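Since this is a predicted model, take the numbers as computed values, not measurements.
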Amino acid sequence: MSHVYVNVLVDFDRDGGWSGASEGADEWAIKNYKVELVKGEEQVVPLPPFQTPCEPFPAWTRVVLRDIPVTLSFFSTNEGWDGSGYYNF
C-alpha cells in the first residue's frame, strides 16, 4: 500500500484561470488530500466536501494525483496553484 496526494482544481468562474475564488469558493478546491492506494487495484477514492458557489453550473475540473504534496514553492507567485507545471513520470 502506498499513499498519494489528491489535488482538485475547479474553474468555478469559467475564466480559464484555475486560481482565485468565485463567490467565496476557492478554485483549488481540494489541497493535498492524502489517500492510501493498493498498487495494481482499481479503487474508489471518496473525497472530502468542498465549498462551491451557490448556483450550480458547468465548470472545468482538473484532478492530479502525486506522490508528494503540491506546494506554493513550486511556482513563481504565491497566489496558489493554478494547475500549471510539468509532471514527469
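With sequence neighbours excluded, the residues forming a side-chain hydrogen bond (donor to acceptor under 3.5 Å, both in side chains) with Asn32 are Asn7, listed by chain and number. Considering only residues two or more places apart in sequence or on other chains, Pro58 meets the side-chain contact (heavy atoms from CB on, under 4.5 Å) condition with Arg14. Not counting sequence neighbours, the partners of Val45 by the side-chain contact (heavy atoms from CB on, under 4.5 Å) test are Val35, Leu37, Leu47. Considering only residues two or more places apart in sequence or on other chains, Asp26 meets the salt bridge (charged side-chain N to carboxylate O under 4.0 Å, His left out) condition with Lys31.
The distance from the OG1 atom of Thr52 to the CD atom of Glu27 is 12.0 Å, given to the nearest 0.5 Å.
Contact record, Tyr5 with Asp67: CE1-O, 3.7 Å, taken as the closest heavy-atom pair. Across every non-hydrogen atom of Tyr33 and Pro46, the tightest pair is CE2-O, 3.6 Å.
For residues 34-49, no pair satisfies side-chain hydrogen bond (donor to acceptor under 3.5 Å, both in side chains), with sequence neighbours left out.
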